[in-house]
Amino acid sequence: MRNHPSPPGALSRRSLLAGGAAAAGLGLSGCGSLATSLSDQTVVRQWNLLAGSDGAIMTDMHQQFMDETGIDLKATTFAWGTPFYTKLTMGAAGGNAADVATIHLSRLESLSPTTLMDPIDLGELEEAGLRPEDFPPAMWDRCFSDGELYAVPIDTHALVNYYNRTICDQAGVLNDDGTLLETHGVDEYFDLLRAVKDVTGEYGTSLDTNAGWRQFWAWYRQQDGEWAFHEDGHELDDDKALAAIQVMWDMAEEGLCPRVSDGGQTAANFENGAGGLVQVGNWEITRFRQFDETQGLDFSMTEMPDFFGNRRTQGDSHSYIIPRHNLWSDEGRRATLDYISWMLQHSLQWGAGAGHTPAYLPVTESAEYQALEPNAEYAGVSENVQYDPDVWFSGSAAPLADRVAQVLAGVYAGNTTPEQALDAVKAEAQTLVEQPNPVD
Amino acid sequence: MMTTDTQAPDAAPTADKPPSPTPTAVKRRSWTGLWFVLPFAAVYVVFLLWPMILGLYYSFTDKSLTGRPVSWIGLDNWTEAFGDERAWQSLLNTAEFTLYSTPPLVILALALALLTHRARKLGWFLRLSFFAPFVVPVSVVTMLWMWLYQPDGGLINHYLGAWGLGGDHLWVFQEHAMGSVVITTVWWTLGFNFLLYLAALQAIPNEVYEAADIDGANWWQKTVRITIPLLKRITALVIVLQLINSLRIFDQYYLMAGGGTNLSPEKVAIQHIYEMGFTGLRVGYASALSYILFVFILIVAIVQLRLLSRKED
């Protein structure tokens with residue numbers, strides 16, 4: 001049972017507690033992984049990056065978990081993206097991170113699982129009630145590194161297309177049943193945006209112009225574009241990349257989307273009707289629902305529009321990992337796995353509330369989940385989702401995505417032409433390729 | 001064994017003879033002093049000296065945050081750093097920030113201190129108003145100004161638009177990050193310099209002004225001929241502190257123009273180091289970059305001290 005390392009020496013729990021109290025006296029407690037609190041309740045520390053509106057759903061689920069199991073869960077939410085990953089890496093490097101943390105599955109390799117994480121034993125996972133067959137095989141395979149399991153996926157999340165039914169109805173772009181007209185190709189979709197823009201008077205779609213990476217990767221992958229990275233270089237398909245960037249340029253140039261808009265602004269533009277559509281992640285559903293409750297917003301969601309012959313979209317999977325620990329108590333480890341298992345088995349709520357597609361098949365295949373609205377309308381995303389390229393500087397909030405997004409923000413702003421942007425994207429990728437790899 | 005041998009004869013004579021006070025007193029005094037210094041010295045060694053030495057060592061290795069085995073790579077990090085365009089650009093951006101932020105932070109602080117010093121009745125109010133921003137945490141300050149700078153609906157753009165000055169300026173976002181951060185920094189940190197000046201102003205003896213009054217000097221003459229020359233020493237201090245502070249710009253810049261929310265292509269030096277080391281996991285390379293910045297700041301500080309001390313002679 002190498003996954004159950006007992007504390008060094010023959011420490012009894014009493015002496016552990018005494019040690020903990022002594023450490024507290026020195027102001028050093030709070031960072032240890034002593035899984036027992038003074039009230040004798042098992043404590044599980046969790047770190048997550050769910051700073052968006054899906055975080056509220058997770059908090060609700062945590063409360064239920066604590067009420068049901070009596071385990072004391074201490075969850076901390078960090079700012080999404082690099083601040084979270086920086087904290088996680090630093091904590092794990094010292095062996096003092098949380099007991100369990102959420103990451104994006106695309107980031108697994110870039111976080112050096114073999115040195116910064118504890119592997120999860122299939123036996124202990126089964127004991128907690130999870131089996132490998134419960135996950136989509138392709139996703140499950142991504143959770144391994146060096147033949148060991150390091151991650152347990154929670155969901156699939158992706159860019160989807162929200163539409164304001166009131167505005168779209170006025171623009172005449174709805175089907176009889178109130179769903180958005182399906183378009184094929186860039187031209188048809190732009191026509192739809194023009195009709196919507198005529199109604200809103202501002203934008204057709206309210207894009208997040210700082211999240212250009214997601215849109216680029218979706219539209220590039222819709223054309224079957226591949227991005228291969230090797231030792232001394234990389235191969236990007238120039239024509240396909242240019243076609244994807246051209247869409248951004250044209251859309252902003254015609255005023256069909258904003259020139260500059262960050263995440264908050266993008267959501268606000270959709271809420272206040274400045275844009276009749278918005279392509280952001282399914283996780284914004286909680287925010288829009290709240291807005292609907294207080295001020296009224298009749299909206300629904302569908303998959304990423306077909307720009308280049310299919311509806312592929314950029315996405316990722318939130319996953320649980322266990323950061324490397326200096327010290328585990330048996331009950332703490334068991335409680336941690338119980339927590340993971342409980343969250344997955346209750347992920348119907350995660351899907352219904354936060355709009356994510358649960359990874360746990362018994363939930364996704366249940367009749368109850370299949371009947372969820374508007375989830376059913378974009379159920380295809382789990383087939384169409386495209387993970388980021390597989391290289392150590394790639395993945396959600398990794399340098400590749402950040403730097404490409406920076407270049408593409410210039411395209412939306414009208415400062416960088418698509419040709420300049422393509423050159424810049426390739427140059428950025430080349431710089432990253434040439435950097436010594438700190439992970440392997 | 002050696003120690004017990006030497007101690008035994010030492011103890012015997014002191015017991016016999018009346019103790020000569022001087023040597024023991026000196027000894028005791030020096031030991032007591034050390035104990036007082038110890039807490040500071042320990043913290044200084046553990047958290048400053050040791051990391052500095054370790055950092056220098058890391059800069060010659062491929063030390064990674066992932067904790068994989070470290071190997072000696074000689075000068076590779078240093079040659080990479082000297083050829084790193086982003087690193088030089090970030091140093092230039094830091095210099096640019098220092099150039100923009102230091103003059104207003106010194107001149108405005110002096111002007112406001114003079115104003116407050118003259119205002120007898122409203123003095124407490126002005127002191128409070130000018131110093132208050134300084135005690136606000138950086139996260140709050142940046143949040144506040146980010147709202148002011150918002151392209152849609154932010155206070156500044158709202159009025160710029162209303163007055164026909166181009167309300168579509170993309171403050172902080174992409175284009176004007178540097179200027180926006182400078183303005184925020186001036187508002188936020190001015191209070192410290194202001195306080196230094198105010199204290200120095202109160203230390204100028206009144207007799208000097210009385211003498212000038214007798215000679216019929218007006219307010220302007222007194223300020224230029226008496227106040228400012230007598231503030232020379234404090235001005236030197238303020239400039240040195242301000243330059244070093246400005247060269248170390250990170251917090252506000254990272255919170256406003258870096259990080260997750262906004263994508264300014266400009267980076268400042270510490271931000272670049274932070275990204276290389278903590279986000280990019282390359283602690284070795286980041287250590288080399290830190291030493292380059294350290295030398296850069298050291299040179300500025302030495303040149304400045306030399307210039308100023310010569311003036312005082």
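Order of the sequence lines fixes the chain letters, A, B, ..., with proteins taken first and strands second; residue numbering starts at 1 for each chain.
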Begin with the C-alpha distance, continue with both residues' side-chain angles, and end with the deciding distance and a verdict on side chain to side chain contact (heavy atoms under 4.5 Å, CB included) for B:Glu80 and A:Glu434. CA-CA 11 Å; B:Glu80 188 186 340; A:Glu434 282 168 10; over 6 Å; no
Is it the case that more than 12 heavy atoms not belonging to [X] sit under 6.0 Å from its [atom1] atom?
X: B:Phe60; atom1: CZ; result: yes
X: A:Phe144; atom1: CZ; result: yes
X: B:Phe192; atom1: CZ; result: no

Where do B:Ser64 and A:Pro438 come nearest, in terms of heavy atoms and distance?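 So the two residues come closest at OG-O, 2.8 Å.
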Ignoring hydrogens, what is the shortest heavy-atom contact between B:Leu281 and A:Ser110? Give both atom names and the distance.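 Looks like CD1-O, 3.7 Å.
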Report the option among A:Arg403, A:Lys87, A:Gln435, A:Arg324 that has the most heavy-atom pairs separated by less than 4.5 Å from atoms of chain B.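 Max contact count across the listed options: A:Arg403.
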Rounded distance [0.5 Å steps], OG1 in A:Thr114 versus CZ in B:Arg68: 10.5 Å
Roughly how far apart are B:Leu65 CG and A:Leu116 CG, rounded to 0.5 Å?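 It comes to 8.0 Å.
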Give, as side chain, backbone, both or neither, the part of B:Tyr274 having an atom under 4.5 angstrom from any heavy atom of chain A. side chain
Select one option (side chain, backbone, both, neither) describing which atoms of B:Glu85 are under 4.5 Å from chain A's heavy atoms. neither
Can you tell which part of A:Pro436 gets under 4.5 Å to a heavy atom of chain B, answering side chain, backbone, both or neither?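 For A:Pro436, heavy atoms of backbone and side chain both lie under 4.5 Å from chain B.
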Is there a donor-acceptor pair under 3.5 Å between the side chain of A:Thr115 and the backbone N or O of B:Gly67? no
